[in-house]
Amino acid sequence: MSTAGATADPLAALGALPGVADSVESVRKAVDRVYGHRVMRRRSNAITSEAALRGARGSAALSGADWALEEVRRRTDFSGDDEARTVGAALRLTAEAGQLLSIWRQSPLRVLARLHLVAAADKADQVGRPRKEGEPVDEPLVGLPLPSATETHGRLDGLAGLIIAGGSAPALVTAAVVHGELLALRPFTSHNGLVARTAERIVLVGSGLDPKSVCAAEVGHAELGRDAYLEALAGYVSGTPEGVAAWIAHCGRAVELGARESMAVCEALQRGAA
């Protein structure tokens, strides 16, 4: 977030980066198209449920468990191996996100701790709190340098302060920054990617951009691919205006693809094929 300088509303300042306004507008139009579909007026709960399932599948894929959608839909036991546990964690987080919307704006750090607890699903000492100095982080798919625990705690506090203060930044910008900061910092000893993508979803829903949670960005991130995801993240971590703008645009494209996925579900339901 260094590109925002010392402005009173640094997240809003990011919205002025070249190309970001176009991404914001493109996302708004994509979301509006989904909400304008006639199926959304009659069966929005079905679209929300399907988007949740597909979003969880996409998030798990980015964390190394790239299962077919029907396999995720069919399974009831997610305790068998590392991939199964990753998919189970993604599903639990998707279900939990809706319960935390009212808490996020008042206590984002509390929400993040809860998300990690839900993802880890155990009571180990390091679960549900930011990592301490020297504790290892199990996030093998993100190879960026790991900030110290001291730096991580400071930046988490700063991020929480921006969220609590509110501001005029577009929802896409805030969601992208939350997502990018959590992946850059990897504040927990595990499951940081899953938590970061769930937090992005919470921002998009809680902001009112996607109140019914039908435009799952996780679907789009998975469709764009892990290499593009990590390349865009590296741009964000660089702190350059171009890198941060490219990350926000990448997140915007992911939301658009999530919206497109739900449009396809709406069309299938309208045809009676699903």
Side-chain angles (χ1 to χ4, degrees), residues 30 47-97 115-116 118-122 136-144 175-176 178-180 182-184 186 188-202 204 210 213-237 246-247 249-265 268 274:
I47 307 302
T48 296
S49 295
E50 189 64 20
L53 184 72
R54 294 178 185 225
R57 192 218 73 83
S59 190
L62 288 169
S63 286
D66 192 0
W67 288 14
L69 178 63
E70 291 311 313
E71 177 67 9
V72 178
R73 198 190 304 277
R74 180 187 67 82
R75 280 284 190 106
T76 57
D77 181 7
F78 296 96
S79 61
D81 54 30
D82 286 347
E83 285 198 5
R85 285 189 287 273
T86 295
V87 175
L91 289 167
R92 290 192 301 274
L93 285 172
T94 299
E96 186 74 12
L115 291 176
H116 186 242
V118 168
D122 63 42
V137 174
D138 181 15
E139 202 73 41
L141 301 180
V142 179
L144 295 167
V178 167
H179 186 170
L182 292 175
L183 272 182
R186 281 146 289 164
F188 302 107
T189 57
S190 64
H191 300 92
N192 289 286
L194 294 175
V195 168
R197 290 184 288 276
T198 305
E200 179 185 45
R201 175 186 283 258
I202 287 173
L204 293 171
D210 180 22
S213 193
V214 296
C215 302
E218 305 97 317
V219 169
H221 286 303
E223 184 173 338
L224 291 167
R226 191 181 302 156
D227 289 346
Y229 183 67
L230 295 177
E231 181 180 350
L233 175 63
Y236 175 83
V237 171
W247 168 252
H250 185 88
C251 290
R253 182 59 180 150
V255 176
E256 290 180 54
L257 290 171
R260 187 183 70 180
E261 185 92 349
S262 284
M263 278 291 288
V265 174

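Side chains are part of it too, since the values below use all heavy atoms of this structure and drop only hydrogens, waters and symmetry mates.
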Smallest separation among heavy atoms of [X] and [Y], with atom names:
X: A30; Y: A259; answer: O-CB, 3.8 Å
X: A119; Y: L93; answer: CB-CD1, 3.8 Å
X: A51; Y: R201; answer: O-NH2, 3.7 Å
X: G180; Y: L233; answer: O-CD1, 4.0 Å
X: A199; Y: V178; answer: CB-CG1, 3.7 Å
X: A222; Y: L62; answer: N-CD1, 3.9 Å

H191-T86 side chain donor-acceptor pair, cut-off 3.5 Å: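 H191 vs T86: no donor-acceptor pair found between side chains.
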Nearest-0.5 Å distance, [atom1] of residue [X] to [atom2] of residue [Y]:
X: L144; Y: Y236; atom1: CG; atom2: OH; value: 12.0 Å
X: D138; Y: R186; atom1: CG; atom2: CZ; value: 12.0 Å
X: R226; Y: H221; atom1: CZ; atom2: NE2; value: 14.0 Å
X: E256; Y: C215; atom1: CD; atom2: SG; value: 10.0 Å
X: R57; Y: R73; atom1: CZ; atom2: CZ; value: 11.5 Å

Derivation of the side-chain contact (heavy atoms from CB on, under 4.5 Å) call for S63 and R197: CA-CA 11 Å; S63 286; R197 290 184 288 276; 2.7 Å; yes
Report the residues that fulfil side-chain contact (heavy atoms from CB on, under 4.5 Å) with [X], sequence neighbours left out, ordered by chain and then residue number.
X: A52; answer: T94
X: R260; answer: E223, L257
X: R92; answer: A89, V118, A121
X: A84; answer: W67, R75, D81

Could you list the residues that satisfy side-chain hydrogen bond (donor to acceptor under 3.5 Å, both in side chains) with R85, not counting sequence neighbours?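 R85: side-chain hydrogen bond (donor to acceptor under 3.5 Å, both in side chains) contacts with D82.
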So, applying side chain to side chain contact (heavy atoms under 4.5 Å, CB included) with L183, which one of V142, L230, V195 is it?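 So, applying the side chain to side chain contact (heavy atoms under 4.5 Å, CB included) to L183 and each of V142, L230, V195, only V142 qualifies.
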Output all residues satisfying salt bridge (Lys or Arg N to Asp or Glu O under 4.0 Å) with E261, sequence neighbours left out; order by chain, then residue number.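 E261: salt bridge (Lys or Arg N to Asp or Glu O under 4.0 Å) contacts with R54.
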Heavy atoms from other residues, nucleotides or ligands near CD of E231 exceed 12 (cutoff 6.0 Å):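 Not buried by this count: 12 neighbours or fewer within 6.0 Å.
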If you take the centroid of each ring, where Trp contributes its six-membered ring, are H250 and H179 closer together than 6.0 Å?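 Judged by ring-centre distance (under 6.0 Å), H179 and H250 do not meet the cut-off.
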side-chain contact (heavy atoms from CB on, under 4.5 Å) for L91 and V72? Distances and angles first, verdict last. CA-CA 9 Å; L91 289 167; V72 178; 4.1 Å; yes
Using the rule given for side-chain contact (heavy atoms from CB on, under 4.5 Å), can you reason through I202 versus L115, listing the C-alpha separation, both sets of side-chain angles and the distance that settles it, and then say yes or no? CA-CA 11 Å; I202 287 173; L115 291 176; 4.1 Å; yes
Run the side-chain contact (heavy atoms from CB on, under 4.5 Å) test on L69 and L53 for me, step by step, so that the C-alpha distance in whole Å, both residues' side-chain angles and the decisive distance to 0.1 Å come before the verdict. CA-CA 8 Å; L69 178 63; L53 184 72; 4.0 Å; yes
